[in-house]
Amino acid sequence: MSIYDTLNPEQRRAVEHDRGPLLILAGAGSGKTRVLTHRIAYLIEERNVSPFQILALTFTNKAAREMRERVDKIVSYGAQNVWVSTFHSSCVRFLRRFIHLLGYDRNFTVYDTDDQKTLMREVCKYLNIDTKTMKERTLMNVVSSAKDELTSPEEYAKNAEGDYTKTQYARVYAEYQKRLKTNNALDFDDIIFKTVELFRTQPEALSYYQRRFRYIMVDEYQDTNTAQFLLISLLANSENEYGETEHNLCVVGDDDQSIYKFRGANIHNILDFEKQYPDAAVIKLEQNYRSTTNILDTANAVIRNNLGRKDKELWTANGKGSPVVFTQFESDYEEAEAIVSDIAGTIQEEPDTASYHDFAILYRTNAQSRVFEEKLIFRGIPYKIIGSINFYQRKEIKDVLAYLKTIDGGADSIAVKRIINVPKRGIGQTTIDRIDTYAAEAGMSFYDSLHHTGEIPGIGRAAAKLSSFVALIESLKSRLSSCGSSLSSIVETLLDETGYLDEIRENEDDQTAADRMANIDELINKLAAYEENAEEAPTLSDFLAEVALVADVDNLTGDSDCVVLMTLHSAKGLEFPHVYLCGMEDGVFPGYMSINAENPELEIEEERRLCYVGITRAMKTLRLSAAHMRMVRGEAQYNRPSRFIDEIPRHLLNIRGINRSASLLPDDAFPQSSIRGAKPSGYGQSGKNPPYSLSGGSYGAGNYSYPSSGKYGTGFPRPLSATEFDRPDPTKAARPIRQFDSKNLAPLGYGIGDTVQHVKFGTGLVTNVVQGGRDYEITVDFPSAGTKKMLAGFAKLKKI
DNA sequence: CCATTACACATTTTT
DNA sequence: TGTGTAATGG
């Protein structure tokens, strides 16, 4: 019996497809990694393909690591010669070899988001751009999208002609790019962008890799952006031994799991694969090995509402399993309490079968984790939050890395400026600005101008401090190059000599100081491990680049027994026996940003895919929940349950709710998530829709909304205890639902062409009124503030 | 130059 | 709510 016998027919067909383009549409949990790894084994063992000729590209280090391990396990020989790595790491390796052809130095550094932001701030300052009207964040997105679309600064400028804002963007982009190059740095997008540029302009570099990689596999193909798409297309264009062009390209993905449009992912890359390669074979993997029938039916029911997707439906031979539960709680607080106590209860009841790491709490935004954290701490349940605070983004780590970058070359001015006054050396902003000006005029790098302090006007007393800083860096530099000290020992030396550790000890409270020291220790360990394991000669640049390309989820290992909390985005690719998908409310999930977007249909579809991803993470049980009231940024918000809940057929859901008497509810239906203390000033004074009961079977039949009074605690009944998951209290009836009809919006009192008064912007002309789901979106031209789009519910416009 | 305070501001984020 | 940046005064 061969290893291929364990595959189902579709999987097997995919594995045995050895030549030409192949698209594998792999639904969630359909065993795509298995297919990829078995296909690698098959090519090597049955088709005599050299392991050196195989390239497997992933998005995350975690995925790359997993694939690497599994390839090593099933491929009998030469497994380590298969190139398995992320897009970015691969491109860094390509660029280390050839980037000099593009005028960069081969020991370039990689800028992470923080560095990018710092650089962008400098650019704005230099170009006199008011960061109040044009935020760095926006500018970074502009530059990032431009690069994702392979638009050079010059092209961008050309396209921007005649448009003032775009012309500004073009100036920023050009200056930003210029500075990156001066600093010999690439940002994340550059890594792909520059590789494509390399392959387009340097045929030798391209054909070198085309000849090398004859079989290319791409995981999560639905998440590729235009630049990555082109990169793949260029590489997968090799010639075989008969001089024929062949496209041995195998892409795996699921259009339903495309959730990174906001980062430039282009879903058409997967949808149009067959157009690009008319001879492509297409194989659908629809059998799911992860979840129960109930969970998959729920997932299918939701995703069915998206248009323009590849037709497919997941099924499983697993049993029906327990029903999917939806509970609406009184507040986010009670939601968290119930979920945490449910986890504790399950663990207590089934200590032999359930452990903490079987449970995942998933949410839309990182901010939602806080309540859970509180409850988990209170109960003493071990947990891990995967999230925005990446190890390598911590201040102390970034400081140490900045020191290393400075020692490594000093071309990266952002790094030098970061640590020139850390710990405090009495070198302030004015001094830095003066050096900057001098450096720009003299055409040298920031660090190099530190050697010429005598010539810099206005430096005065700071000169001595600057030279002692330079002396420190130089001594570390020589220790590294001539004495052959290890990287890790250099770090120890610099921490000691700069007094960095002392500063932490003095200025932080005991706990944070201890945390920081521990982090630094861990960094030293990682450095030492890197030096030991490096394939070739370990270099500082390589370590730094590697480190810049690490995400938080990458460090999620199964070895610690913790409940895991993370955003839906981070959860992609993972699975858990028990999943809690919380915050299922309109305005939270789908987020208000998508509901109020210019193109809500499109954005809601992306949110729906996110929902699909969340649902399909669950193996055995899935609990959906919402809160009637939620504290968001210190304000109470009242949201109706998510529209995605409506999309799940009633018979699949076990609905549990909070008890509340209908008569206590005020009549106003809020147009949008409400504001603390807001007066229910004239919205939807309908009051004529009779409440109907949840148990009456009408749940999910159409539009409805929960009315709300403003402030929590005013016209609102005292919070009642939430029904516990799994243990419905029969004394508490299902909560009543009232129907809501969007046509019942209150008349606005003004319309297009009217002049209105706004609290902040003054008077303006209404140019457009669009009726959204529960509110009007008003476009107003203000002579003072420009054109603004706002929701009638928030704007409080008055006709004049 | 640096500490303090006032103020504005908030999606998601594989790399 | 709580964080991170801009203005202020010592």
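What you are looking at is a predicted structure, and each value in this text was computed from that prediction instead of being measured.
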Distance, rounded to the nearest Å, where A:R434 contributes CZ and B:dC1 contributes P: 7 Å

Separation of B:dC9 atom C1' from A:R137 atom CZ, nearest Å, is 11 Å

Atom-pair distance (CE on A:M120; P on C:dG4), nearest Å: 20 Å

Could you check A:A367 against A:I432 and say which one's nearest nucleotide on DNA chain B is further toward the 5' end? A:I432

Touch class at under 4.0 angstrom, heavy-atom based, for A:T430 against every strand present: sugar-phosphate

A:H569 and A:Y363 aromatic centres sub-6.0 Å: no

Can you tell which of B:dT13, C:dT3, C:dT5 lies closest to the side chain of A:R370? C:dT3

Side-chain N or O of A:T431 versus OP1/OP2 of B:dC1: is the shortest distance under 4.0 Å? yes

Please say whether the positively charged group of A:R93, taken as NZ for Lys or CZ for Arg, lies over the ring of A:W83, i.e. under 6.0 angstrom from the six-membered ring centre and within 45 degrees of the axis. yes

So, are A:E337 and A:K375 salt-bridged, with charged N and O less than 4.0 Å apart? yes

Kindly say if A:N366 contacts the phosphate of B:dT13, meaning a side-chain N or O under 4.0 Å from OP1 or OP2. yes

Is A:D187 salt-bridged to A:K147, going by a charged N under 4.0 Å from an acidic O? yes

Measure NZ/A:K125 against P/C:dA6 and give the value in whole Å, please. 9 Å

Base B:dT11 paired with A:R364 side chain (donor-acceptor, <3.5 Å): no

Can you tell whether the side chains of A:D586 and A:R643 come within less than 4.0 Å, N to carboxylate O? yes

Look at A:D223 together with A:R263 and state whether they make a salt bridge at an N to O cut-off of under 4.0 Å. no

Integer-rounded Å distance: B:dT14 P and A:L610 CG: 13 Å

Taking the P atom in each of B:dT13 and C:dG4, what is the distance between them to the nearest angstrom? 16 Å

Could you check which of B:dA10, B:dT14, B:dT12 has an atom nearest any side-chain atom of A:H569? B:dT12

Contact under 4.0 Å: A:S570 side-chain N or O vs B:dT12 OP1/OP2: no

Residue A:Y260, side-chain heavy atoms: nucleotide from B:dT14, B:dA10, B:dT12 that is nearest: B:dT14

Pairing of A:D502 and A:R505 as salt bridge, 4.0 angstrom limit: yes

Does B:dT11 count as syn, meaning its glycosidic angle lies within 90° of 0, or as anti? syn

Secondary-structure notation, DNA chain C, from Watson-Crick and G-U pairs under 3.5 angstrom (| other strand): .|||||||||

Separation of atom CZ in A:R617 from atom C1' in B:dT14, rounded to whole Å: 14 Å

Side chains of A:T365 and A:Q368 only: does a donor on one sit below 3.5 Å from an acceptor on the other? yes

Would you mind reading off the distance between A:I420 atom CD1 and B:dC1 atom C1', rounded to a whole angstrom? 14 Å

Could you tell me the separation between the NZ atom of A:K117 and the P atom of B:dT13, rounded to a whole number of Å? 16 Å

N or O in side chain of A:T113 less than 4.0 angstrom from B:dT13 OP1/OP2: no

Would one find a side-chain N or O of A:K135 under 4.0 angstrom from OP1 or OP2 of B:dA10? yes

Run the ring-centre check on A:Y638 versus A:H628 and record whether the distance is less than 6.0 Å. yes

So, A:K398 and A:D115, do they make that salt bridge, N to O below 4.0 Å? yes

Please state whether the phosphate of C:dT5, meaning OP1 or OP2, lies under 4.0 angstrom from any side-chain nitrogen or oxygen of A:R121. yes

Is it the case that the side chains of A:N269 and A:Q228 hold a donor-acceptor pair, with the cut-off being a distance below 3.5 Å and no angle test? no

Within the modelled atom types, does a donor on one side and an acceptor on the other bring the side chain of A:R609 and the base of B:dT12 under 3.5 Å apart? no

Identify each atom pair where a protein N or O and an N or O of nucleotides 2-4 of chain B are less than 3.5 Å apart, giving names and distance.
residue : atom : partner : partner atom : Å
B:dC2   : OP2  : A:N421  : ND2          : 3.2

